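What follows is a short report on a single structure.
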Amino acid sequence: MDYKSEIAAKLAEITGLESEQVYKLIEIPPQVEMGDFAFPCFTLAKTLRKAPPMIAADIAGDERLASLDALTAKNVGPYVNFFIDRSYYAVNTIDSILKAGDDYGFDNEGEGKNVIVEYSSPNIAKPFHVGHAFTTIIGNSLAKIYTKLGYNVIRMNHLGDYGTQFGKLITAYRLWGDENALNEDPITELLRIYVKFHEEEKKDPSLTDSARENFKKLEDGCEEEVALWKKFRDMSLVVFDKLYKRMGMEFDNYNGESYYAKMADDVANMLKEKGLLVESEGAQVVDLEEYGVPPCIILKSDGTTIYATRDIAAILYRHETYNFDKNIYVVGTPQALHFKQVFSVMKKAGFDYADNCVHVGFGLVKFKNMKFSTRDGNIVLLEDLLNEAVAKTREVIEENSKARGQDMTAEQIDEIAEKVGIGAVIYTYVKSGRERDIVFSWEEMLDFEGDTAPYLMYTYARIKSILRKAAEQGLAPASEEDKISILTSDEEYNVIRTLADFPDAVKKAAASNEPFMISRQIALIARNFNRFYNNSSILNADSEEQKVARLALCEAVADTLKSGLDLLGIGVVERM
RNA sequence: GUUUGCGUAGCUCAGCAGGAUAGAGCGUCCGCCUCCUAAGCGGAAGGCCAGCGGUUCGAAUCCGCUCGCGAACACCA
């Protein structure tokens with residue numbers, strides 16, 4: 001049901017403007033009392049040579065508006081305000097939500113289309129810190145959002161598993177590696193010897209040569225070196241997968257840089273054949289002046305490939321394998337230029353699908369007065385953050401549980417704490433526009449009040465509790481139209497309005513690759529619901545009719561919150 | 001230096017294909033648990049939307065300049 005286009009069509013008929021133009025002018029009034037849609041008459045003032053308020057009065061008085069279903073028009077100053085019939089609105093939105101359940105917000109706009117989302121992409125043998133969480137969480141959410149809209153999503157983890165650093169690691173491992181420690185805690189051990197390598201390298205330059213040699217052997221496929229590399233890679237993946245599993249996500253493809261490195265030479269040859277390679281300061285580059293970007297290096301002066309070459313190989317591969325409709329890179333904003341160059345090279349080489357590649361950037365995670373640095377060790381591991389959040393959540397639950405006389409078992413508390421704690425962390429990454437930097441603070445990460453995941457999950461759990469009690473009393477949410485139609489109070493209506501906007505928020509989130517469009521919407525729903533909840537009794541409502549109608553509203557809110565939270569990568573709990 | 005992003009309440013952020021009194025959350029102050037979970041709700045205080053100029057009937061929103069902060073800018077990824 002699209003009221004806006006109906007209004008636009010009718011206004012077009014009356015004003016003589018194009019329907020599309022009217023559609024764009026229609027806005028949503030800042031106050032509820034002003035109605036649901038508004039048409040400003042300023043633009044008509046010139047052509048009609050009349051004051052806007054007069055035009056508004058004329059339009060509002062036009063009898064052709066009467067044919068609009070469930071809508072009434074009223075002129076207020078220079079605006080024509082439209083009011084949707086609340087009963088009609090309530091029935092429509094709640095009905096469609098209850099039919100969809102927690103699938104609410106789905107759409108089939110993406111049917112038959114493949115979307116690739118590349119995200120997370122950690123470097124193997126390196127610790128997974130709270131900075132990596134940004135791409136991981138945003139990417140996961142985008143994958144879910146596109147899936148909801150009917151797209152076939154391919155989740156790709158473009159692992160950082162290639163480069164001279166692995167030559168260093170091999171050298172370091174042979175000199176100082178501890179097999180037991182490696183098995184115990186692979187990343188920590190690998191990081192230890194990696195840091196040691198850099199320290200020793202300053203004193204003993206021969207280490208550099210050894211590392212270079214080992215990397216060369218690795219590239220040439222020498223058995224021992226490849227076996228070691230593979231071991232590091234596999235062990236890292238086990239650690240990462242544990243983390244991914246804990247956060248409820250999995251990938252379809254782990255092809256890392258090493259995978260595409262094999263194809264990079266072909267890319268260079270292809271570009272050469274097309275006559276796009278130019279020599280510059282010893283390197284082979286593609287000039288991109290016509291795109292307004294600096295040249296892109298394809299072959300370094302020593303003749304080897306570079307990450308841009310591998311990224312181009314990856315695009316070619318992905319197009320061939322998945323024939324993508326969209327190829328999304330969830331990679332930090334500092335790499336914007338790199339992607340612009342890569343996409344431009346593709347474009348210049350005549351691959352039009354370069355236009356379907358998009359870099360979705362995000363901000364930095366940083367400390368207040370300190371830089372984040374793996375080498376200096378001043379990082380916060382994502383795992384530590386999750387543990388901390390879960391532990392604090394458990395404290396809160398235990399406190400509340402005692403105070404409320406609940407009888408939760410230790411297992412139940414653990415399970416709830418895990419979901420709420422992780423949800424709280426995830427939410428801090430998706431509550432604002434993704435290009436904003438996040439200044440890491442424990443205080444904020446562990447804040448469970450206000451605009452946070454626990455607040456949303458709490459709202460959900462409270463509703464579930466009501467629904468359980470209702471069932472015990474033999475009460476079921478209303479499903480009949482005439483029963484739902486009594487939900488017309490201001491507070492009920494406010495909730496319904498925000499519920500109705502949810503599917504649009506999902507589409508906007510996809511169109512702008514911004515998960516926060518969803519977090520913002522469900523936060524609004526929860527706030528409106530909590531206001532209603534605090535002022536109107538549900539199970540103790542005046543009449544049976546009111547009880548079941550409100551129960552239907554409760555269920556609709558629960559479904560929508562669950563749907564929205566899931567799109568962010570956050571689960572729900574039935575009680576907390 | 002070049003390119004680019006940002007500057008909205010004490011703090012963290014929405015709003016920016018121009019429109020009706022600039023909105024949330026946190027923090028502060030004041031209230032609300034004999035009734036569905038107070039991780040909740042209500043109220044108050046708090047803003048020359050960085051500054052200046054321009055376009056417009058109308059600008060936080062569009063354009064230009066200035067100031068302040070950050071990022072990227074060739075053989076790392």
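Letters A, B, ... are given to chains in the order of the sequence lines, protein chains preceding strands, and every chain is numbered from 1. Predicted model only: the values in this text are computed from it and were never measured.
Residue Asn81(A) is in base contact, counting any heavy-atom pair closer than 4.0 Å across all strands shown. In this structure, Leu364(A) reaches neither bases nor backbone, as no heavy-atom distance under 4.0 Å exists between it and the strands shown. Note on Gln165(A): nothing from the nucleic acid sits closer than 4.0 angstrom, heavy atoms only. Contacts of Ser280(A) with the nucleic acid, taken as non-hydrogen atoms under 4.0 Å apart, include base atoms. Phe42(A) comes within 4.0 angstrom of a base, heavy atoms only. At a threshold of 4.0 angstrom between heavy atoms, the contacts of Ile297(A) include nucleobase atoms, whether or not backbone atoms are also involved. At a threshold of 4.0 angstrom between heavy atoms, the contacts of Tyr162(A) with the nucleic acid are absent. Note on Pro40(A): nothing from the nucleic acid sits closer than 4.0 angstrom, heavy atoms only. Using a 4.0 Å heavy-atom criterion, one finds that Ala461(A) contacts the bases of the nucleic acid, with or without backbone contacts as well. If you check every strand for non-hydrogen atoms under 4.0 Å, Asp451(A) touches sugar and phosphate atoms only. Residue Glu435(A) is out of contact with every strand shown, counting any heavy-atom pair closer than 4.0 Å. Note on Met34(A): a base of the nucleic acid sits closer than 4.0 angstrom, heavy atoms only. As judged by a 4.0 angstrom heavy-atom cut-off over every strand, Ala336(A) is placed among residues making no nucleic acid contact. Looking at heavy-atom distances under 4.0 Å, Ser537(A) makes contact with a base.
In this structure, Glu118(A) pairs ionically with Arg318(A), as a charged nitrogen and a carboxylate oxygen lie closer than 4.0 Å. With respect to Lys508(A) and Asp504(A), a salt bridge is recorded, a charged nitrogen being found less than 4.0 Å from a carboxylate O. Taking a cutoff of 4.0 Å between a charged side-chain nitrogen and a carboxylate oxygen, Glu418(A) and Arg394(A) do not qualify as a salt bridge. Classification of Glu491(A) and Arg531(A) as a salt-bridged pair fails, no side-chain N sitting under 4.0 Å from a carboxylate O.
If you check G58(B) for Watson-Crick or wobble pairing at under 3.5 angstrom, you find it has no partner at all. Remark: G27(B) base-pairs with no nucleotide; criterion is Watson-Crick or G-U wobble with both hydrogen-bond distances under 3.5 Å. The nucleotide A71(B) finds its pairing partner in U3(B), both defining distances of the Watson-Crick or G-U wobble pair being shorter than 3.5 Å. Of the nucleotides present, G40(B) is the one that pairs with C32(B) by Watson-Crick or G-U wobble criteria, both distances under 3.5 Å.
For the pair Arg436(A) and G7(B), the criterion of a side-chain N or O lying under 4.0 Å from OP1 or OP2 is met. Within the structure, a side-chain polar atom (N or O) of Lys469(A) is placed less than 4.0 Å from OP1 or OP2 of U37(B). Distances shorter than 4.0 Å separate none of the side-chain N or O atoms of Tyr23(A) from OP1 or OP2 on A17(B). Phosphate proximity of C35(B) to Asn540(A): absent, as no side-chain N or O sits under 4.0 Å from OP1 or OP2. In this model, the phosphate group of A71(B) is not approached by any side-chain N or O of Thr333(A) to a distance below 4.0 Å at OP1 or OP2.
A donor-acceptor contact under 3.5 Å links the side chain of Ser301(A) to the base of C75(B).
Looking at the side chain of Pro295(A), the nearest of the listed nucleotides A74(B), A39(B), A20(B) is A74(B). Looking at the side chain of Pro29(A), the nearest of the listed nucleotides A20(B), A39(B), U12(B) is A20(B). Checking A20(B), C41(B), A39(B) against every side-chain atom of Met576(A), the shortest atom distance belongs to A39(B). Here U21(B) is the nucleotide among U21(B), G42(B), U37(B) with the atom lying nearest to any side-chain atom of Gln31(A). Here the side chain of Lys300(A) is nearest to one of A38(B), C75(B), U21(B), namely C75(B). Between U37(B), A77(B), A71(B), one nucleotide has an atom nearer to the side chain of Tyr458(A) than all others, and that is U37(B). Residue Arg310(A) places its side chain closer to A77(B) than to any other of A77(B), A39(B), U37(B). Minimum atom distance to the side chain of Arg404(A) is reached by U37(B), of the listed U37(B), G40(B), G42(B). The side chain of Val420(A) lies closest to A39(B) when the candidates are G40(B), G15(B), A39(B).
The cationic group of Arg462(A) lies under 6.0 Å from the six-membered ring centre of Tyr533(A) and within 45° of the ring axis, placing it in a cation-pi geometry. For the pair Lys562(A) and Tyr460(A), the cation-pi criterion (under 6.0 Å, within 45° of the ring axis) is not fulfilled. In this structure, Lys392(A) forms a cation-pi arrangement with Phe448(A), its terminal cationic atom sitting closer than 6.0 Å to the ring centre and no more than 45° off the ring axis.
With RNA chain B read from its 5' end, the first of the two nearest nucleotides for Thr43(A) and Pro294(A) is the one closest to Thr43(A). Between Lys340(A) and Val396(A), the residue anchored closer to the 5' end of RNA chain B is Lys340(A), taking for each the nucleotide with the nearest heavy atom.
Protein atom CD1 of Ile306(A) is 6 Å distant from nucleotide atom P of C76(B), rounded to whole Å.
For C33(B), the base is syn relative to its sugar; the glycosidic angle is within 90° of 0.
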